[in-house]
Q: 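Next up is a structure, given as structure tokens.
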Amino acid sequence: RLGDKLQHVFKKLKGEGALTEKNVVDALREVRLALLEADVNFQVVKEFIARVKEKAIGQEVLRSISPGQQIVKVVHDELVVTLGRKTSEISLTPPMTRILVCGLQGSGKTTTVAKLARKLKSENPLLVAGDIYRPAAVTQLKVLGKQLDIPVFHEPDAKPEKMIRSAVGMARDNGHKLIIMDTAGRLHVDPDMMAELTRVKEAFKPTETLLVADAMTGQDAVRIAVEFDKLLDVDGIILTKLDGDARGGAALSMRIVTGKPIKMIGVGEKITDLEVFHPDRIASRILD
Amino acid sequence: FTRSRKLDEEMFEQLEEILIESDIGPRMSGRILGDLRTAVKTNKVSDSAGLKALLQAEMIKLLKSPPAWNHNSDGPTIILIIGINGVGKTTTIAKLANHFLKQKKKVLLAAGDTFRAAAIDQLKIWAERLGVDCIAHQDGSDAAAVCFDAVTAAKARQVDILIIDTAGRLHTKAHLVEELKKIKRSIQKVEEGAPHETLLVLDATTGQNGLLQAQVFYREVDTSGLILTKMDGTAKGGVALTVSNELSLPIRFIGLGEKIDDLTDFNPREFITALFE
Ligand SMILES: Nc1nc2c(ncn2[C@@H]2O[C@H](COP(=O)(O)OP(=O)(O)OP(=O)(O)O)[C@@H](O)[C@H]2O)c(=O)[nH]1
Ligand SMILES: Nc1nc2c(ncn2[C@@H]2O[C@H](COP(=O)(O)OP(=O)(O)OP(=O)(O)O)[C@@H](O)[C@H]2O)c(=O)[nH]1
Ligand SMILES: [Mg+2]
Ligand SMILES: [Mg+2]
């Protein structure tokens, strides 16, 4: 654990007189290592450590009887502030909330769409199966919809951006107050697929655009988040698979480079496994 | 002399950044650069280009000489595909089947993911496109039973290759790791030496968690090789190097897209060169 490593660092320095700024800077190397091991992006770590250094060389640390713990506290607090002090929820916009879900292949979008629908069931949601490429993707969403008794709209042989008009029409005619659209996984460097996403957004005019990302994403998290955000101006991020033991450094990277909030987290494969994002819990996890 | 020393240190820092940003991980990067410093002394490297070339050569050595495939000499070769959720197992199985079909092998698939919505449908569509059979039960049926039937069918039909799909599962879920062991035991009831290959699928965008995944699956179900998917993105897949080296596991294939032909044999030189691009 970082706390123990820092304690060890400072134990070695005991009896060498008062703690100096240099001692703290040396200790911050352990923090840097912990953040990199937690998959926080290299550049993000650099800037984060520089920020923390200012606070870490303060008197509370230099005069503390347990400087290691003080430093952990400084880093933890800075992480929490950076990740977003309070939890940020999905906003509902009467009379019709429109949520667009996007992200890389296999990140957990289709499952997350179903989880969101269940959470917001009181809005009488309509799901739109906009992945026309992956074998059985539409079936997958229909199976999930059936489990929840929530209707799934799909227009065979239609491009996703063309499906929207009928979907919105159906939603209005049937008293749905929420539409959630699932899209195909795509690479941020696939120009045709990113262009499709832009067309989908223009046709759908979502009130909420969510990037679904895998919590165990490594250094590439920055690039992925920046590209999706640049093109779509996302409203928030949903991090999935946090029921594993990924430290989740991607959370910090994505939050810092886009400034967008992490709104929810996926914590399992079941339809109930969606939770609100708590910055302090993720901060503790990153530092573990 | 002092000036060139400083350049070297800065060069080492630049190299460390490249390695860490490729998801090799800070500890492994440190180890690789430590070995590089030793190699620099014996190789008398004098400039940054020479240093980079030496590093690439050292890293290629870390990945060379994989053992031969464990083929079954008298019966179907049974390949079990495992990995965490969403890494690309099902799609990779379709690509692998295509790869073996091109070698004129007779291939059979098994829909061992009986849990996830439309998982069986997904593999069946691929099987249909490839013109191969797919052994499947109902949604929610026992995965081990499907695999038992699949191996029985593979032997009866005298296929060359049986590829078994399994549900995505996090290595942290003990009951799901147990299920994998049960699947292996069921397979072994029908064919003692099976599965002949247990391939772990890793997503190239995964960070250091890939190492934890691999360690658990290696220890618990005796993984024999790796497949690295989604290398058509911008991630370098460096964690696969760390896994391969630490567990002595060969990387067999690279996934480069979502289509049936998007699978290539792993080439260490290409992999390392791409890492530095
Ligand atoms: N353990 C765990 N698994 C998850 C979570 N969210 C999704 N999954 C699983 O991850 C896998 C991929 O989920 P999908 O919903 O198909 O992902 P996707 O982003 O729609 O995939 P594509 O449409 O192919 O891009 C499935 O096995 C899901 O059950 C989560 O929070 N935890
Ligand atoms: N770009 C790219 N996408 C890939 C690659 N391999 C698989 N995919 C995509 O990743 C997504 C998930 O693939 P699946 O084959 O369903 O993954 P899985 O591991 O079987 O998922 P679960 O069974 O839910 O655990 C799909 O959208 C695939 O098309 C690859 O090499 N490159
Ligand atoms: Mg999907
Ligand atoms: Mg699958």
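Quick caveat: nothing in here was measured; it's all calculated off a predicted structure. Numbers restart at 1 for each chain; the letters A, B, ... are given by sequence-line order, proteins then strands.
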Q: Counting only heavy atoms from other residues, nucleotides and ligands, does the tally under 6.0 Å from CD of A:Gln147 exceed 12?
A: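 Above 12, so yes.
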Q: To the nearest 0.5 angstrom, please state how far the OG1 atom of A:Thr240 sits from the CG atom of B:Asn85.
A: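 CG of B:Asn85 is found 9.0 Å from OG1 of A:Thr240.
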Q: Output side-chain donor-acceptor pairs under 3.5 Å for residues 130-144 of chain B, partner residues at least two apart or in another chain, one line each.
A:
| unit_1 | atom_1 | unit_2 | atom_2 | d |
| --- | --- | --- | --- | --- |
| B:Asp133 | OD2 | B:Arg157 | NH1 | 2.8 |
| B:His137 | NE2 | B:Asp149 | OD2 | 2.7 |
| B:Ser141 | OG | B:Gln138 | O | 2.6 |
| B:Asp142 | OD1 | B:Lys182 | NZ | 3.3 |
| B:Asp142 | OD2 | B:Ala145 | N | 3.4 |

Q: For chain B, which candidate among A:Ala137, A:Pro135, A:Gly106 shows the most heavy-atom pairs at distances under 4.5 Å?
A: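 The option with the most such pairs is A:Pro135.
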Q: Got a sec: does the NZ of A:Lys270 have more than 12 other heavy atoms crowding it under 6.0 Å?
A: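 No, because the 6.0 Å sphere around NZ of A:Lys270 holds 12 heavy atoms or fewer from other groups.
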Q: Under 3.5 Å, is there a donor-acceptor pair linking the side chains of A:Asp245 and B:Thr172?
A: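 Per modelled atom types, A:Asp245 and B:Thr172 side chains form no pair under 3.5 Å.
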Q: So which residue, B:Ala204, B:Ala117, B:Ala94, ends up with the most heavy-atom pairs under 4.5 Å with chain A?
A: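 The residue among B:Ala204, B:Ala117, B:Ala94 with the greatest pair count is B:Ala117.
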Q: Over all heavy atoms of both residues, which pair between B:Ala118 and A:Ala136 is shortest? Give the atoms and the distance, please.
A: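 That closest heavy-atom pairing would be CB-O, 3.8 Å.
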Q: Who among A:Leu36, A:Thr217, A:Val143, A:Asp39 has the most heavy-atom pairs with chain B under 4.5 Å?
A: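 Top option by heavy-atom pairs under 4.5 Å: A:Asp39.
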Q: Does any backbone or side-chain atom of A:Leu187 lie under 4.5 Å from a heavy atom of chain B? Answer side chain, backbone, both or neither.
A: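 Only the side chain of A:Leu187 comes within 4.5 Å of chain B.
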Q: Less than 3.5 Å apart, which donor and acceptor atoms pair up between the side chains of residues 86-93 of chain B and the rest of the protein, not counting sequence neighbours?
A:
| unit_1 | atom_1 | unit_2 | atom_2 | d |
| --- | --- | --- | --- | --- |
| B:Lys89 | NZ | B:Ile84 | O | 2.8 |
| B:Thr90 | OG1 | B:Asp165 | OD2 | 2.8 |
| B:Thr92 | OG1 | B:Gly88 | O | 2.6 |

Q: Can you tell whether the side chains of B:Arg27 and A:Glu37 come within less than 4.0 Å, N to carboxylate O?
A: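 Result for this pair is yes, salt bridge flagged.
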Q: Select one option (side chain, backbone, both, neither) describing which atoms of A:Asp190 are under 4.5 Å from chain B's heavy atoms.
A: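 Contact with chain B: none, neither part.
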Q: If you count heavy-atom pairs within less than 4.5 Å of chain B, which of A:Lys142, A:Arg247, A:Arg134, A:Lys241 leads?
A: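 It is A:Arg134.
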Q: Check whether any side-chain heavy atom of A:Gln43 lies under 4.5 Å from a side-chain heavy atom of B:Glu21, and answer yes or no.
A: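 Yes - at least one pair of side-chain heavy atoms lies under 4.5 Å apart.
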Q: Any Lys/Arg nitrogen of B:Lys173 or A:Asp243 sitting under 4.0 Å from an Asp/Glu carboxylate oxygen of the other?
A: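 Between A:Asp243 and B:Lys173 there is a salt bridge, with a charged N closer than 4.0 Å to a carboxylate O.
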Q: Tell me if a side-chain donor or acceptor on B:Asp23 pairs with a main-chain N or O of A:Gln219 at a distance below 3.5 Å.
A: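 Between the backbone of A:Gln219 and the side chain of B:Asp23 there is a qualifying donor-acceptor contact (under 3.5 Å).
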Q: Kindly compute the distance separating CZ (A:Arg186) from CD (B:Glu258), expressed to the nearest 0.5 Å.
A: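 So the gap between those two atoms works out to 9.5 Å.
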Q: Counting neighbours of CZ on A:Arg285 that are heavy atoms of other residues, nucleotides or ligands and sit closer than 6.0 Å, is the number greater than 12?
A: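 Enclosed: over 12 neighbouring heavy atoms sit under 6.0 Å from CZ of A:Arg285.
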Q: Tell me, with the steps shown, if A:Thr139 and B:Asp121 meet side chain to side chain donor-acceptor pair (under 3.5 Å).
A: CA-CA 8 Å; A:Thr139 309; B:Asp121 297 71; 4.9 Å; no
Q: Out of B:Thr206, B:Leu212, B:Thr205, which residue meets the side chain to side chain contact (heavy atoms under 4.5 Å, CB included) rule with A:Met216?
A: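 Checked B:Thr206, B:Leu212, B:Thr205 against A:Met216; only one passes side chain to side chain contact (heavy atoms under 4.5 Å, CB included): B:Thr206.
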Q: Please determine, by modelled atom types, if B:Gln122 and A:Gln140 share a side-chain donor-acceptor pair under 3.5 angstrom.
A: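 Absent: no donor and acceptor within the cut-off.
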Q: Can you tell me which portion of B:Leu176 sits under 4.5 Å from chain A's heavy atoms? Options are side chain, backbone, both or neither.
A: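 Answer is side chain: those atoms of B:Leu176 sit under 4.5 Å from chain A.
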Q: Measuring heavy-atom distances to chain B, does A:Arg32 have an atom under 4.5 Å in its side chain, in its backbone, in both, or in neither?
A: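 It is the side chain, since no backbone atom gets that close.
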Q: When rounded to the nearest 0.5 angstrom, what is the spacing between CZ in A:Phe42 and OG in B:Ser29?
A: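 Answer for the CZ-OG pair, A:Phe42 versus B:Ser29, is 9.5 Å.
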Q: Could you tell me whether A:Lys22 atom NZ has more than 12 heavy atoms of other residues or ligands within 6.0 Å of it?
A: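 Not more than 12 within 6.0 Å, no.
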Q: What's the shortest heavy-atom distance between A:Leu33 and B:Pro26, and which atoms?
A: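 Looking at all heavy atoms of both residues, the shortest contact is CD1-CB, 3.5 Å.
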Q: Please state whether the side chain, the backbone, both or neither of A:Leu141 comes within less than 4.5 Å of a heavy atom of chain B.
A: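 It is neither, since no heavy atom gets under 4.5 Å.
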Q: CZ/B:Arg116 to CD/A:Glu269 distance, rounded to the nearest 0.5 angstrom?
A: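 Here the rounded value is 9.0 Å.
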Q: Under a 4.5 Å heavy-atom cutoff, which of B:Asp203, B:Thr229, B:Asp232, B:Leu123 has the most pairs with chain A?
A: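 The residue among B:Asp203, B:Thr229, B:Asp232, B:Leu123 with the greatest pair count is B:Asp232.
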